[in-house]
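A short write-up of the structure that comes next.
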Amino acid sequence: MGLNYIWDLLIRAEQCGLDKKDIQFSAASVYSPYMELSLEHMNASQVEKQVEINPFYRFDEMFRGMLDINYTEYPEFRGALFDILIHFLGEIDLLQGMNKREFYIRFVRRDIEAGIFGDKVRRNFQKCGKEEQDIVAASVLQTVQTGDALFTLKRTARLLFPGSTIYANCEEKNELLFYINQEESESGRAKISLLLDLLLPVRFHTELYWNRHFGILGVEETMRLDRIAMY
C-alpha cells in the first residue's frame, strides 16, 4: 500500500526505525491535486528523508499566503517554517488517531525508557523491537488496571514467544515453569527477564526451559528421547 498522508509517512518512519526529526518536508512545486504527499513513485511505500508536500490538499487556508508565488522574500526562513509546521501538523494527525488507552501506553513506554522501573528494565526494553515494546507497555498498563499480574504475564509471554507454554504449580509451591519454544539467545533472555521484572508476582519463583520440554506423563510430545529436559 502506498503512502498518501503525513501521518502515513510518520508511522512508516517509526516502523522503519527512522527518527521523525530526520525527515525534512518542503512544499512541492509540481504535485497532484488529489494527493498530499508528492512522491516520485505514486505507490511508494519506503520513507525518504526529503519529502515534498502538496500543502493545499488539506491546509490551503494555512499556507495560501506563505506560499504565494508572487512572494519571493526570505525563502530559507519560509522553508524552515514550512518544515516545522508540517511536523507539528503530522503530530496532531497522530494524536487524533489515538484513544485514551494508547495515551496511557505511551506514558508507560516513556516511564520505562526514563528508567522509572530500574536501569535493568530500561536496558532490556531497549533490546526489544517497537511492536514488542508496545506489547510490554500495554501489559504493564493491564496489570495496573486489573491487578491480575499472573494472567497478564502468561498472555504476554505467549505473545512474545509464540508456541510457548507457562505452567503454574500452586499446589505444592508458588512456581511457574516456562517452556519457551526457541533456542536460548541474548534477545530471548532480555525479553523474558523484562517480563519477569515487570510482571512476576513477588511470591512466585520460576524455571525456564528453552526449546526442550520437561517430560509430562501421558503427553507424548513431551516424552521424546533426547528431547526431554529434567525438572
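Between F178 and I192, some side-chain heavy-atom pair lies under the 4.5 Å cut-off. Contact of the L89 side chain with the M62 side chain is registered, since non-hydrogen atoms from C-beta on lie closer than 4.5 Å. Between L153 and L195 the shortest side-chain heavy-atom distance falls below 4.5 Å. By the 4.5 Å heavy-atom criterion applied to side chains, L176 and L150 are counted as neighbours. For the pair Y5/R58, a side-chain contact is recorded, criterion being any heavy-atom separation below 4.5 Å from C-beta on. A heavy-atom distance below 4.5 Å is found between the side chains of K120 and S193. Between F125 and Q133 the shortest side-chain heavy-atom distance falls below 4.5 Å. The closest side-chain heavy-atom distance from L67 to P55 is below 4.5 Å.
A donor-acceptor pair under 3.5 Å is formed between the side chain of E36 and the backbone N or O of I6. Side-chain N or O atoms of R12 include none that pairs as donor or acceptor with a backbone N or O of W7 at under 3.5 Å. No donor-acceptor pair under 3.5 Å is formed between the side chain of R158 and the backbone N or O of S164. Between the side chain of D83 and the backbone N or O of F25 there is at least one donor-acceptor pair closer than 3.5 Å.
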Does N124 form a side-chain contact (heavy atoms from CB on, under 4.5 Å) with K191? I'd like the steps, not just the answer. CA-CA 7 Å; N124 287 330; K191 285 190 288 186; over 6 Å; no
Just do the side-chain contact (heavy atoms from CB on, under 4.5 Å) check on R203 and N174 with the steps written out, would you? CA-CA 7 Å; R203 69 181 186 277; N174 289 323; 3.5 Å; yes
One pair to check against side-chain contact (heavy atoms from CB on, under 4.5 Å): E48 and Q24. What are the steps and the verdict? CA-CA 9 Å; E48 302 291 338; Q24 183 174 2; over 6 Å; no
Pair L141, R101 - check side-chain contact (heavy atoms from CB on, under 4.5 Å), show working. CA-CA 9 Å; L141 175 62; R101 181 174 181 274; 4.0 Å; yes
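Under the rule for a side-chain hydrogen bond (donor to acceptor under 3.5 Å, both in side chains), K127 has no partner lying at least two apart in sequence or in another chain. Applying the ring pair (Phe, Tyr, Trp, His ring centres under 6.0 Å) rule to F117 yields no partners; only residues at least two apart in sequence or on another chain are considered. In this structure, the side chain to side chain contact (heavy atoms under 4.5 Å, CB included) partners of E61, at least two apart in sequence or on a different chain, are R64. Under the side chain to side chain contact (heavy atoms under 4.5 Å, CB included) criterion, E91 pairs with K20, L94, sequence neighbours left out. Remark: R122 engages D119 in a salt bridge (charged side-chain N to carboxylate O under 4.0 Å, His left out) (not counting sequence neighbours). With sequence neighbours excluded, the residues that form a ring pair (Phe, Tyr, Trp, His ring centres under 6.0 Å) with F63 are F82. Looking at residues two or more places apart in sequence or on another chain, you find no ring pair (Phe, Tyr, Trp, His ring centres under 6.0 Å) involving H205. With sequence neighbours left out, S187 forms a side chain to side chain contact (heavy atoms under 4.5 Å, CB included) with S185. When the side chain to side chain contact (heavy atoms under 4.5 Å, CB included) test is applied to I84, no partner is found at least two apart in sequence or on another chain.
Contact record, S139 with T156: OG-OG1, 2.6 Å, taken as the closest heavy-atom pair. Scanning all heavy atoms of the two residues, the minimum distance from R189 to W210 falls at N-CH2, 3.8 Å. Across P162 and N181, no two heavy atoms sit closer than the pair O-CB, 4.1 Å.
The CD1 atom of I166 sits 12.0 Å away from the CZ atom of R155 when rounded to the nearest 0.5 Å. The CG atom of D93 lies 9.5 Å from the CD1 atom of I86; values are rounded to the nearest 0.5 Å. The distance from atom SG of C128 to atom CG of L160, rounded to the nearest 0.5 Å, is 7.0 Å. Taking CD1 of I11 as the reference point, atom SG of C16 lies at 12.0 Å (rounded to 0.5 Å). The CG atom of D22 lies 10.5 Å from the CD atom of Q50; values are rounded to the nearest 0.5 Å. With values rounded to the nearest 0.5 angstrom, Y209 atom OH is found 11.5 Å from I180 atom CD1.
Counting non-hydrogen atoms of other residues, nucleotides and ligands closer than 6.0 Å to CZ of F56 gives a total above 12. By the neighbour-count criterion of 12 heavy atoms within 6.0 Å, atom CD of E184 is densely surrounded, having more than that number from other residues, nucleotides or ligands.
Grouping the Ile, Leu, Val, Met, Phe, Trp and Tyr side chains by contacts below 4.5 angstrom, directly or via other members, places L196 apart from V144. Under the 4.5 Å side-chain heavy-atom criterion for Ile, Leu, Val, Met, Phe, Trp and Tyr, L194 and V202 are members of distinct hydrophobic clusters. Under the 4.5 Å side-chain heavy-atom criterion for grouping Ile, Leu, Val, Met, Phe, Trp and Tyr, F151 is not connected to Y179 through any hydrophobic cluster.
Each of I116, L198, V136 was evaluated against V121; a single residue qualifies, L198, per the side-chain contact (heavy atoms from CB on, under 4.5 Å) test.
Other residues sharing a hydrophobic cluster with F88 under the 4.5 Å side-chain heavy-atom criterion for ILVMFWY residues are I92. The hydrophobic side chain of V30 is isolated, with no ILVMFWY side chain under 4.5 Å apart from it.
The pair R106-E102 does not count as a salt bridge, with every side-chain nitrogen at least 4.0 angstrom from each carboxylate oxygen.
Pairs passing the side-chain hydrogen bond (donor to acceptor under 3.5 Å, both in side chains) check and including a residue from residues 142-154, sequence neighbours excluded, do not occur.
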